[in-house]
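Take a look at the structure below.
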Amino acid sequence: MNIRDLLNQRFTKAMQAAGLPSECQPHVTPSKASGKKSQFGEYQANGAMAAAKIAKAKPVDIAQRIVNQLNIDDLASQVDIAGPGFINITLKPEWLAREIVTVNQNKNLSIQPPLSPQTVVVDYSSPNLAKEMHVGHLRSTIIGDAIVRTLEFQGHKVIRQNHVGDWGTQFGMLIAELEEQLQDGESATLALKDLERFYQRAKKHFDDSENFANKARDYVVKLQSNDEKTLSLWKQFKQVSLAHSQEIYTTLNVSLTEQDVYGESAYNDDLGILVDELCAQKLAIEDQGAQVVFLEEMPDKDGSPSPVIIRKQDGGFLYATTDLAAIRYRANSLNADRILYFIDARQSLHMQQVFTIARKATFVNNQVSLEHHAFGTMMGNDGKPFKTRSGGTVKLADLLEEAIERAEKIVAEKNTELSDSERKEIAQKVGVGAIKYADLSKTRTNDYIFNWESMLSFEGNTAPYLQYAYTRIQSIFRKAGVTGNELNTPITLTEDAEIALAVKTLQFSEVIEQVTKEAYPHLLCHYIYDLAGLFMRFYEQCPILKEGIDETTKNSRLQLLYAIANTLGKGLDLLGIDTMDRM
RNA sequence: GCGCCCGUAGCUCAGUUGGAUAGAGCAUCCGCCUUCUAAGCGGACGGUCAGAGGUUCGAAUCCUCUCGGGCGCGCCA
């Protein structure tokens, strides 16, 4: 159930009945309540003003005509015209109560499945396997994962694509290094234990030794010609590196598995074919020995068509080529309706070029939605890209370890009654949740400033606040000795705090819809923060298990709580943040 | 030079197809634990929405210009 859609439907009918032109929209939105009791009701329809312009009449008169035709007595207790022509709607507590019951009876929290589920291919995380995952991979990984989870919850078919960097000239160097270390009797797992150091050693080796550099170049050629021994080394490298990534995903509570890995190398055999096709279509032409696609729809500095090189002078391919092969595979073999890319904003131009070429070459038809959901860079307190004290790249593994350590200290302070294992488990969920939430709660398109203190202060708009709200609810159910789903007594909403909570809970579906439409997880964050905040207020104002609370009120509030717990829990789950029963 | 993004409270950030008095958190200050977990709640303080024009019933939001910051622009990915 979606209140906004429902009201829009009712208002659309009323506007038609009032004889307004069909292009007039009701424009229903939740009223700005800012937590407190709203003076304007819970929803408002603002379409009368725009309709008045079209119908050339006074907005207030139009509003009155709409209200006269409006049929919402079943769900609204009051409809007022205010100001220049706002129509304010106050919902009936009894209706809200019934809808809360429905939410409690429905596994999907009353989210309606899409009329026609889509196949959505989501490209996210995509680390370079040559190196260890670092903070630069964090945003793509967790934002992409939140969207993936939300799409699946809605009922869409999601195909995760971890487009890992597992190909390219640097692998010649790495294989050469691996081969030497294996000759020294080292196992691949051990040699690659510290991928970062391994890479640096290989690089140094490459720079220092002409002999080694030649060997590395030789391996590149062998790799490309499918030499069996070289491929075997490459596969070993890949496997160890993937295991590193997988470990990070597990710690991060990210839903990617090795089944979702479909890296650059997967497209090798298609690259030459693809370039030939683009040449045959006359989209690609030779320029200075390279194969280039010129795009007049994206003019360069001089106003002439901008070039995209798809094959180098030396015959090698570039990442534009691979991305084109990937987009074709996703559209045609995976039958995607939407293809989402969670990639750094700095690659906006590149993505636009790839999308444009893919359309022109009809690799992807116009029904398929191609979406680059860009995000900004993670900055340090100084406003510059987040680095270690010595200026190096921050490893994701180190970042997570530090978050968990810091969390454990705080958990130990706040709650002294936990066993060692409980405390460790909570610290893990709190620390990782804090990092993820700090990132997810910011509009993804902007750069964001990473700050340990604000993130782990665990006060205000942070993951621990939300997790704490959840544990408070669980604690009440524990004390009450019920689970929530066994209650089926009537719900009565009387207090402002209760009504506000009920409305907010029922708005979950509106938020979910917007989140997947625009790929904005921060909307979900703000929603559950509002929900948790309203719950905290309710918690203070509306006792449940205390003395003097009659059975009916108690059971009614417990059921409301049950809906909140499920909604809050699901919201956090969609963000990839764990909950717990106590903390 | 051309293109994209950004500029909102001391700091970090919201602000939904243009809507009513621009909202949170942190910080500061004042209250609230013999009562469901105080990682909490209530209150106070805090704004020329970078600046100037324009569009209209109405602009932080749309258009133009200026200032300031970030990023990208042919053989790396």
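Just so it is clear, the values below take in all heavy atoms, side chains as well, and ignore hydrogens, waters and symmetry mates.
- Between A:L318 and A:F294, it is A:F294 whose nearest contact on RNA chain B lies nearer the 5' terminus.
- For A:Y319, the listed nucleotide lying nearest its side chain is B:rA77; candidates were B:rG72, B:rC41, B:rA77.
- Of all non-hydrogen atoms in A:E264 and A:D166, the two that sit nearest each other are N-OD1, 3.2 Å.
- Where RNA chain B pairs in unbroken runs of 3 or more (Watson-Crick or G-U, both distances under 3.5 Å), the stems are B:1-5 with B:69-73, B:10-13 with B:23-26, B:28-32 with B:40-44, B:50-54 with B:62-66.
- Using a 4.0 Å cut-off, some side-chain N or O of A:S475 falls inside it from OP1 or OP2 of B:rU37.
- In this entry the distance linking CG of A:L561 with P of B:rC36 reads 15 Å, nearest Å.
- Remark: A:I544, A:L545, A:K546 in residues 544-554 of chain A come within less than 4.0 Å of RNA chain B through at least one heavy atom.
- For A:Q44, whose side chain is taken as the heavy atoms from C-beta onward, the closest listed nucleotide among B:rU37, B:rG19, B:rG40 is B:rG19.
- Within the 4.0 angstrom heavy-atom criterion, no nucleotide atom of any strand lies near A:T462.
- Taking atom P in both B:rG10 and B:rC57, one finds a spacing of 35 Å when rounded to whole Å.
- When ring centroids are compared, A:F86 and A:F40 stay outside the 6.0 Å threshold.
- Comparing A:E518 and A:F538 against RNA chain B, the residue whose closest nucleotide sits nearer the 5' end is A:E518.
- Salt bridge annotation for A:E551-A:K554: present, with a cationic side-chain nitrogen under 4.0 angstrom from a carboxylate oxygen.
- When the P atom is used for both B:rC63 and B:rU55, the distance is 15 Å, rounded to whole Å.
- Across the protein-nucleic acid pair, A:Q288 atom CD and B:rC75 atom P stand 10 Å apart, rounded to whole Å.
- Within 4.0 Å of A:N88, counting heavy atoms only, lies at least one base atom of the nucleic acid.
- Taking atom CG on A:N461 and atom P on B:rC41, their separation rounds to 11 Å, with Å as the unit.
- Within 4.0 Å (heavy atoms only), A:A82 reaches at least one base atom of the nucleic acid.
- In the set B:rU17, B:rU37, B:rC57, B:rC57 carries the atom at the smallest distance from any side-chain atom of A:M49.
- Considering only the side chain of A:D447, B:rG70 comes nearest among B:rC36, B:rG74, B:rG70.
- Distance noted for atom C1' between B:rG15 and B:rG70: 23 Å (whole Å).
- Put simply, CD on A:Q541 is 17 Å from P on B:rC36, counting in whole angstrom units.
- The phosphate of B:rC13 (OP1 or OP2) has no side-chain N or O of A:S441 nearer than 4.0 angstrom.
- The NZ-P distance, from A:K442 to B:rU12, rounds to 11 Å in whole Å.
- When only modelled atom types and interatomic distance are considered, A:D323 and A:Y267 share no side-chain donor-acceptor pair under 3.5 Å.
- Within the 4.5 Å cutoff, the side chain of A:Y527 has heavy atoms near those of the A:K504 side chain.
- Nucleotides B:rU8 and B:rA22 place their C1' atoms 8 Å apart, quoted to the nearest Å.
- Regarding A:L524, its CG atom lies at a distance of 15 Å from the C1' atom of B:rA14, rounded to whole Å.
- Under 3.5 Å, the side chains of A:T356 and A:E297 contain no donor-acceptor pair of N or O atoms.
- Contact check on A:D382 versus A:K384 returns no salt bridge, with no Lys/Arg side-chain nitrogen under 4.0 Å from an Asp/Glu carboxylate oxygen.
- Remark: the separation of the P atoms in B:rG74 and B:rG69 is 24 Å, to the nearest Å.
- Taking atom C1' in both B:rG54 and B:rG18, one finds a spacing of 15 Å when rounded to whole Å.
- Here the separation of B:rC29 from B:rC36, taken at their P atoms, is 29 Å to the nearest Å.
- If you check B:rA20, B:rA39, B:rA24 against the side chain of A:K414, the one that comes closest is B:rA39.
- Within the nucleic acid shown, A:R444 has no heavy atom closer than 4.0 Å to any nucleic acid atom.
- Among the nucleotides B:rG72, B:rC41, B:rC75, the one closest to the side chain of A:K312 is B:rC75.
- No engagement by A:A345 is indicated, since no non-hydrogen atom pair under 4.0 Å with the nucleic acid exists.
- Taking the charged nitrogens against the carboxylate oxygens, A:E286 and A:R311 have no contact shorter than 4.0 Å, which rules out a salt bridge.
- The nearest whole Å value for the distance from the NZ atom in A:K517 to the C1' atom in B:rU16 is 9 Å.
- If you check distances only, the side chain of A:D530 never reaches the base of B:rA14 with a donor-acceptor pair under 3.5 Å.
- Contact annotation for A:R582: base contact, defined as any heavy-atom pair under 4.0 Å involving a base atom.
- Here the nucleotide nearest the side chain of A:E459, chosen from B:rC26, B:rG15, B:rA38, is B:rC26.
- Although no hydrogens or angles enter the test, the distance criterion places no donor-acceptor pair under 3.5 Å between the side chain of A:R472 and the main chain of A:Y539.
- Using a 5.5 Å limit on the distance between ring centres and a 30° limit on the angle between planes, the aromatic ring of A:F86 counts as stacked on the six-membered base ring of B:rA20.
- For A:E417, the CD atom sits in a loose shell: 12 or fewer heavy atoms of surrounding residues, nucleotides or ligands are nearer than 6.0 Å.
- With B:rU37, B:rA77, B:rA20 as the choices, the nucleotide that has an atom nearest any side-chain atom of A:E264 turns out to be B:rA77.
- A:H522 comes within contact range of the sugar-phosphate backbone alone, with a heavy-atom separation under 4.0 Å but no base atom that close.
- Side-chain atoms of A:Y468 never come within 3.5 Å of backbone atoms of A:M583 as a donor-acceptor pair (strictly under, hydrogens ignored).
- In this structure B:rC11 sits in the anti conformation; its chi angle is more than 90° from 0.
- Using a 4.0 Å cut-off between a side-chain N of Lys or Arg and a carboxylate O of Asp or Glu, A:E405 and A:K409 do not qualify as a salt bridge.
- Between A:D61 and A:R65, none of the side-chain N atoms (NZ, or NE/NH1/NH2) sits under 4.0 Å from a carboxylate O, so this pair counts as no salt bridge.
- Closest to the side chain of A:I410, from the set B:rU37, B:rC75, B:rA39, is B:rA39.
- Two rings, from A:Y465 and A:Y437, have their centers 6.0 Å or more apart.
- Here A:Y468 does not lie in a stacked arrangement on the base of B:rG40, lacking the combination of planes under 30° and ring centres under 5.5 Å apart.
- Rounded to an integer number of Å, the gap from A:I449 CD1 to B:rA14 P is 11 Å.
- If you take atom C1' in B:rC45 and the same atom in B:rG68, they sit 29 Å apart, rounded to whole Å.
- Taking the side chain of A:P307 as heavy atoms from C-beta on, and the options B:rG74, B:rG15, B:rU17, the nearest nucleotide is B:rG74.
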